[in-house]
Amino acid sequence: MPGPLSSPVFLTVIWLLSLCLGRAQIQTDEVSAVQYGHMQSNVTLACGKSQVRMPVTWRLDHGAMLPWHQVTSDGTLLLLHADHSAQGNYSCHDSRGLVLHSVRLWLGYPPGKLNVSCRVPNHTHVRCSWTEQVRTFLPAEYTASFRGRNDLQPCVLNVARKHCDVNDHSFWQTMHTLNLTETNALGSETTLHRVNLIIQLQPNPPESLVVEPLEGHPKRLFVSWDYPVSWPLDDAFPLIFHIRYRPQGSMYWSEVFTSESHVIITDALAGHLHQVQIRARDELNSDTKWSEWSPLLLVRPWEAVSSTAEPPEETYSFPFSTKPETSSAKSHHSVHPEDEGNLGLVILLVMLTVVILTIVLSLIFVVWVRQRRHDHVTKQELTSMVKMKSVPI
């Protein structure tokens with residue numbers, strides 16, 4: 001008696017399962033393909049690696065209409081002048097609708113030159129950032145190195161933020177070269193950027209700026225700050241600080257330069273808000289850059305508390321401006337705009353008067369000269385007549 005395993009029904013089920021598993025395995029192996037193409041050019045997609053030539057049908061994203069295309073006799077799909085809309089999952093099918101092959105198509109461009117800029121916040125650190133001149137639309141990889149005259153160091157990449165960092169470089173060598181390469185599936189491009197460690201040395205702004213009034217001194221302000229965290233606290237790398245301040249509403253700044261970490265302003269305008277900022281630079285080399293200015297602070301000098309009520313202080317814009325001063329600031333008063341207008345009018349009237357007087361005097365002189373000439377001619381005529389009468393007939 002035949003067993004159940006040898007029955008025709010059971011054998012048929014086993015055959016169908018094997019067929020389905022085989023097709024599923026073929027489909028799984030074929031789906032994982034990825035292809036890259038150059039945008040705005042012709043792109044060719046082959047229907048797998050099979051050498052059997054049969055009529056096939058191509059589909060985009062499971063049924064979407066294909067872009068402008070041709071299908072060759074061997075089942076190859078040719079996309080003509082493919083643009084960004086031609087990206088997607090392509091699949092070719094036989095006459096029964098079974099998937100023979102599928103491929104993911106990405107379109108883009110090869111890399112181009114990069115726009116690179118580098119900052120040198122201290123003598124031992126360089127940070128270089130970049131932006132793309134060509135938008136490739138494709139994933140890319142980057143490599144970077146930093147070369148001096150006698151050494152080569154890696155530039156540690158942060159691709160997400162598009163910058164790289166070099167630490168402990170040879171700062172005694174002035175000129176270095178950053179070598180930055182971008183690579184994608186369609187090609188690669190290398191950008192070289194020269195870095196001058198002296199000219200591009202620019203500290204970060206001083207931190208923890210504090211401006212306080214001094215009790216009992218209505219014209220003084222105490223200003224203190226800290227070195228930038230990125231700058232080493234080492235006597236070999238001192239900073240010079242540039243403090244500027246002005247009464248709110250004034251046009252010009254007064255200035256103080258110091259290498260200390262605090263300063264006392266002695267010529268503040270009593271009773272008025274003052275704007276204060278600070279920046280820093282390497283003290284030993286004047287070819288380096290000043291840092292950016294710190295955020296603006298507003299502070300009012302100390303004021304004596306009066307026992308009697310006083311009317312509230314009016315806010316106004318100063319009709320004067322203080323010329324920039326270094327170290328100690330002195331007030332310089334300028335003429336009020338209305339006085340400038342009146343002075344100009346007076347000067348104009350004086351000049352007009354001088355011109356009129358000059359013209360009048362010129363006319364008088366001309367008339368006098370003409371009259372003198374006329375008198376001279378008349379005198380000569382009279383003399384001639386007298387001589388004629390005195391001649392005997």
Side-chain angles (χ1 to χ4, degrees), residues 34-41 43 82-84 86-87 104-205 207 228-232 234 236-237 239 279-282 284-293:
V34 176
Q35 184 170 334
Y36 296 91
H38 197 298
M39 200 175 294
Q40 304 301 330
S41 65
V43 178
D83 59 16
H84 199 270
Q87 288 189 140
R104 171 67 182 177
L105 178 63
W106 294 96
L107 296 173
Y109 298 100
K113 292 291 184 182
L114 299 172
N115 294 320
V116 179
S117 62
C118 294
R119 286 195 67 249
V120 187
N122 59 52
H123 292 277
T124 61
H125 180 210
V126 178
R127 169 166 290 183
C128 295
S129 305
W130 69 86
T131 58
E132 296 88 355
Q133 295 188 32
V134 177
R135 187 179 179 188
T136 65
F137 299 100
L138 297 176
E141 295 181 352
Y142 297 88
T143 57
S145 62
F146 198 69
R147 180 182 294 276
R149 182 181 300 174
N150 302 316
D151 64 335
L152 178 66
Q153 290 182 269
C155 194
V156 182
L157 289 161
N158 186 329
V159 176
R161 298 187 177 182
K162 296 184 178 179
H163 69 242
C164 69
D165 295 278
V166 181
N167 294 300
D168 300 320
H169 55 79
S170 305
F171 68 87
W172 58 87
Q173 298 180 19
T174 302
M175 297 304 301
H176 287 70
T177 301
L178 175 72
N179 186 315
L180 181 61
T181 300
E182 179 185 7
T183 304
N184 66 19
L186 301 181
S188 65
E189 184 70 41
T190 297
T191 302
L192 300 178
H193 182 76
R194 298 283 283 169
V195 181
N196 188 315
L197 297 182
I198 299 299
I199 294 177
Q200 293 179 245
L201 178 61
Q202 182 182 30
N204 290 323
E207 301 177 5
V229 173
S230 59
W231 192 269
D234 193 323
F237 305 113
L239 287 176
R279 62 179 181 173
R281 193 198 68 198
D282 182 82
L284 301 179
N285 198 325
S286 60
D287 292 330
T288 60
K289 294 182 179 180
W290 284 100
S291 72
E292 299 294 332
W293 287 104

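The SG atom of C118 sits 4.0 Å away from the NE2 atom of H193 when rounded to the nearest 0.5 Å. The distance from the OG1 atom of T190 to the CD atom of E182 is 10.0 Å, given to the nearest 0.5 Å.
Scanning for side-chain hydrogen bond (donor to acceptor under 3.5 Å, both in side chains) contacts around H163 gives an empty result, with sequence neighbours left out. Under the side-chain hydrogen bond (donor to acceptor under 3.5 Å, both in side chains) criterion, S41 pairs with no residue at all, not counting sequence neighbours. For the salt bridge (Lys or Arg N to Asp or Glu O under 4.0 Å) test, no residue two or more places apart in sequence or in another chain qualifies with D83. By the salt bridge (Lys or Arg N to Asp or Glu O under 4.0 Å) test, R281 is found to be paired with no residue, residues two or more places apart in sequence or in another chain being considered. A search for side-chain hydrogen bond (donor to acceptor under 3.5 Å, both in side chains) contacts involving S145 returns nothing, not counting sequence neighbours. Remark: Q153 pairs with no residue by the side-chain hydrogen bond (donor to acceptor under 3.5 Å, both in side chains) rule, at least two apart or across chains. In this structure, the salt bridge (Lys or Arg N to Asp or Glu O under 4.0 Å) partners of E132, at least two apart in sequence or on a different chain, are K162. Checked against ring pair (Phe, Tyr, Trp, His ring centres under 6.0 Å), H123 has the following partners two or more places apart in sequence or in another chain: F171, W231, F237.
Listed by first and then second residue, the ring pair (Phe, Tyr, Trp, His ring centres under 6.0 Å) pairs that reach into residues 140-161 are W130-Y142, F146-H176, sequence neighbours excluded. Applying the disulfide bond (SG atoms under 2.5 Å apart) rule to pairs touching residues 173-205 yields nothing, sequence neighbours excluded. Within the structure, salt bridge (Lys or Arg N to Asp or Glu O under 4.0 Å) pairs that include any residue of residues 143-153 do not occur (at least two apart or interchain). For residues 111-121, every residue pair satisfying the side-chain hydrogen bond (donor to acceptor under 3.5 Å, both in side chains) rule, not counting sequence neighbours, is listed here: K113-E189, N115-Q133, R119-N204.
No more than 12 heavy-atom neighbours from other residues, nucleotides or ligands sit within 6.0 angstrom of CD on E292. The local environment of CG in L284 is crowded, with over 12 non-hydrogen atoms from other residues, nucleotides or ligands closer than 6.0 Å. Counted within 6.0 Å of CD on E141, heavy atoms from surrounding residues, nucleotides or ligands total 12 or fewer; the atom is thus considered open.
A disulfide bridge connects C164 to C155: their SG atoms sit within less than 2.5 Å of one another.
No donor-acceptor distance shorter than 3.5 angstrom exists from the side chain of T181 to the backbone of T143, with no hydrogens or angles considered.
The side-chain heavy atoms of P232 and T124, taken from C-beta on, include no pair separated by under 4.5 Å.
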